[in-house]
Protein chains: 2
Amino acid sequence: MKQITIKDVAEAAGVSKATASRVLSGHPATSPEARKAVEAAAGRLGFRPNAQARSLRNTRTQTIGLLLPDVRNPFFGDLAHAVEQRARSFGYMTLFGNANENVEQQDEYIDVMLSQRVDGVIAAPQGDGGNLSQLLRSGVPVVFVDRVLDSIKVPSVSPDNSTGIHDAVKHLTARGHRRIGYIAGPQSTSTGRERLRSYKEALAATGADTDADLIFLGDFQAASGAEGARTLLDLANPPTALLAADSLMSIGAVGVCNERGIAIGTDLAFVAHDDIDAFTLINPPLTVIAHDIDAMGRLAVDMLMSVIGGGSPASHTIPGRLIVRGSTPEFEKERQS
Amino acid sequence: MKQITIKDVAEAAGVSKATASRVLSGHPATSPEARKAVEAAAGRLGFRPNAQARSLRNTRTQTIGLLLPDVRNPFFGDLAHAVEQRARSFGYMTLFGNANENVEQQDEYIDVMLSQRVDGVIAAPQGDGGNLSQLLRSGVPVVFVDRVLDSIKVPSVSPDNSTGIHDAVKHLTARGHRRIGYIAGPQSTSTGRERLRSYKEALAATGADTDADLIFLGDFQAASGAEGARTLLDLANPPTALLAADSLMSIGAVGVCNERGIAIGTDLAFVAHDDIDAFTLINPPLTVIAHDIDAMGRLAVDMLMSVIGGGSPASHTIPGRLIVRGSTPEFEKERQS
DNA sequence: TTGTAAGCGTTATCAG
DNA sequence: CTGATAACGCTTACAA
């Protein structure tokens, strides 16, 4: 299984390595005959340039790293898709790293990406230490997506974590809800923190109840959403509406409601995050706070390309909007308390 | 932003490149002092070996390619996760390629992977031409996953596309259904073909109706599931039960039922494919035909490692099983026809 | 145990 | 327009 090198192509075409290289990389200074001979030989032999050798010579690998916390989260699945498609359009290959909501795996992947000499990294960072700081110090272009680190100024594209939640709370209070439970994301992430802050602000602004025990701190995984729902519904004075900070926790929470025979929409209002298809299938379909994930991914790539090109793009925020569906119905039944 | 090379480390440590290299790659013939000096220098300078240069010298890149049709399909999302985690445990990085259900993109990614000199490829193939045949001829170890090409013998791990469907049809006929509509996958994939064949066999075996128009040919995407549901429900003599060949088409189909106010479970029995969380949230939760995706991913990696090691592992089939939930209830209401 | 030197496959430079 | 040659960063005989 010997590799076919440019030398083989050159010999087969009866020219030098240099000429072969020029033809294959589209250099203008080549004669038509050389071009024909080389192209024919390359095709016949099935030549593939060795990307390793090439990027050892150049300093570009035409590869970007994408560091995500969890590929199975539909939000990040969609984001991965968007980033990958956009990167492809710039001729870049995407090296995915799945940190698995785990700082050590993130560190390992940063290590590998740095070793692979990726031309840039798009990351939804966890924590702010370990290899992350090395990555930032390394000089490799970096763009943060979804999450931000306050301590570090790096161009980022993040969701607007305020408007959607304010709208949701307003929407719920307008429907008579005063006890709105919140299943929060981890406070180690900017997204988790900002959404919780917005929730608190919104409660204050609307005059809804602000008991601390209406808040459950989850970790963006389904299991914690389930635990949150159980905890909140078991309160002596339980919430009449629930708001969850991401899609997986929403799934967990809705599952618990089903288990307990609590009818969403009639017994309990529910607002989820992220507009994933499955949420429209639930009966009633879920009201959600949605962000344009595709736009986030595209923008992150565009910004990274700009950084790679020497620019320093401004950070962006992707607006969130409330999509009202059946889980937060117009008319309220009697509420106790 | 100059790269720190092994030469810098060697100089800082006061040894030769060779010694530095030996220390850094754990070669036994090194003195304790050398080891200490080199490690200290490497740490201090933040040295990262250049993977390109390394794999140009060696012939291993410690990288495998994973070629999938669609990352946003939860089935492939889970599969990607499983493969990536398993590969990681072998010290391999996974290069994802998302063909986007599109042969040209698949070809491009095969090209890139070949150029990147991946040590092996795990693929859910589309079609059987283009660069796929070049990939197979190239001698790079390949394992197919989920889908198989009859024309080519390559080790593969695929779902059992028979048992689950037979069980599902038996289950439905036992509940009185005689008109079972089927939303099939594309006949260009082995999975699509085998599942359709099993459906037909199962109908014959149970004596259910076998009208050709109970079958709709979809493409594994949500939109075609919706179209399939519309088409089948609009039949003069519509089915009383629906079976869909993957999760995305199931989502599309259930969406149509909701739109039309057709109550799943009571008006129409429904069996989906793939045991995704969201299906348990739908009311009633969906009966599904499930495969152990994690096992598929792990096994594919294990097999690929075997091929890379010179072995020729046998192909495997992952059993499918029927998980009965509320969408195929015990008691039937009156059926027309 | 250590150092020197060759070579992996490409591309860029510099003469011709 | 073409060819010889050096260089990218690393590993590994081969010598010492």
Side-chain angles (χ1 to χ4, degrees), chain A residues 1-39 41-42 45-63 111-112 114-119 138 140, chain B residues 1-39 41-42 45-63 111-112 114-119 138 140:
Chain A
M1 209 206 57
K2 209 187 112 294
Q3 233 189 91
I4 291 132
T5 76
I6 203 168
K7 198 182 157 204
D8 302 320
V9 175
E11 282 169 3
V15 298
S16 72
K17 279 196 312 179
T19 302
S21 171
R22 278 190 282 257
V23 170
L24 293 169
S25 49
H27 189 100
T30 48
S31 69
E33 307 95 63
R35 229 170 302 153
K36 237 174 90 178
V38 171
E39 268 155 13
L45 297 175
F47 170 73
R48 313 260 166 187
N50 182 320
Q52 263 72 36
R54 177 176 286 181
S55 54
L56 183 58
R57 211 21 255 246
N58 307 333
T59 347
R60 289 297 174 80
T61 54
Q62 295 298 327
T63 293
D111 218 32
V112 176
L114 248 21
S115 276
Q116 293 283 348
R117 297 297 191 269
V118 292
D119 293 341
S138 73
V140 172
Chain B
M1 207 206 59
K2 210 186 112 289
Q3 233 189 90
I4 290 134
T5 76
I6 203 168
K7 197 181 158 206
D8 301 320
V9 175
E11 281 169 5
V15 298
S16 71
K17 280 197 313 179
T19 302
S21 170
R22 279 190 280 257
V23 170
L24 293 169
S25 51
H27 190 97
T30 50
S31 68
E33 308 95 64
R35 228 169 301 154
K36 239 173 90 179
V38 171
E39 269 155 13
L45 298 174
F47 170 71
R48 312 264 167 186
N50 182 320
Q52 261 72 35
R54 177 177 284 183
S55 56
L56 184 57
R57 242 333 287 243
N58 307 334
T59 349
R60 290 295 175 80
T61 54
Q62 296 297 327
T63 294
D111 219 32
V112 177
L114 249 22
S115 279
Q116 293 283 348
R117 297 299 193 268
V118 293
D119 293 341
S138 73
V140 173

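Quick caveat: nothing in here was measured; it's all calculated off a predicted structure. Quick note on labels: first sequence line is chain A, next is B, and so on, each numbered from 1.
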What closest approach, in Å, do [X] and [Y] show between heavy atoms, and which atom pair accounts for it?
| X | Y | result |
| --- | --- | --- |
| Thr5(B) | Phe47(B) | C-CE1, 3.5 Å |
| Ile4(A) | Leu45(A) | CD1-O, 3.1 Å |
| Ala42(A) | Val9(A) | N-CG1, 3.9 Å |

Where along residues 20-29 of chain B does a heavy atom fall under 4.0 Å from DNA chain D?
-> Ser21(B), Arg22(B)

Interatomic spacing from OG1 in Thr59(B) to CD in Gln52(A) - rounded to 0.5 Å | 11.0 Å

Contacts of Ala53(B) and Ala18(B) projected onto DNA chain D by closest heavy atom; the upstream (5') one is Ala53(B)

Which is the 5'-most and which the 3'-most nucleotide of DNA chain C that has an atom under 4.0 Å from a heavy atom of chain B?
-> dT1(C) to dG9(C)

Output all residues satisfying side chain to side chain contact (heavy atoms under 4.5 Å, CB included) with [X], sequence neighbours left out; order by chain, then residue number.
| X | answer |
| --- | --- |
| Thr63(B) | Gln116(A), Thr61(B), Met93(B), Leu95(B), Val118(B) |
| Ser16(B) | Ala18(B), Thr19(B) |
| Arg60(B) | Gln62(B), Tyr92(B), Asp119(B), Ile308(B) |
| Leu56(A) | Asn50(B), Ala53(B), Leu56(B) |

Among residues two or more places apart or on two chains, list those pairs meeting salt bridge (charged side-chain N to carboxylate O under 4.0 Å, His left out) that have a residue in residues 5-14 of chain B.
-> Lys2(B)-Asp8(B)

Estimated bend of the helix from dT1(C)-dA16(D) to dG16(C)-dC1(D) (axis per five terminal pairs, rounded to 10 degrees) = 40°

Using a 4.0 Å heavy-atom cut-off across all strands, classify Thr30(B) as base, sugar-phosphate, or nothing.
-> sugar-phosphate

List in chain and number order the residues that pass side chain to side chain donor-acceptor pair (under 3.5 Å) with [X], two or more places apart in sequence or in another chain; answer none if no residue qualifies.
| X | result |
| --- | --- |
| Ser21(B) | none |
| Arg22(B) | none |
| Arg54(A) | none |

Thr19(B) or Lys17(A): which one's nearest nucleotide on DNA chain C is closer to the 5' end?
-> Thr19(B)

For DNA chain D, note the earliest and the latest nucleotide, 5' to 3', having some atom under 4.0 Å of a heavy atom belonging to chain B.
-> dG9(D) to dA13(D)

Would you confirm whether Ser115(A), through its side chain, and Pro49(B), through its main-chain N or O, come within 3.5 Å as a donor-acceptor pair?
-> yes

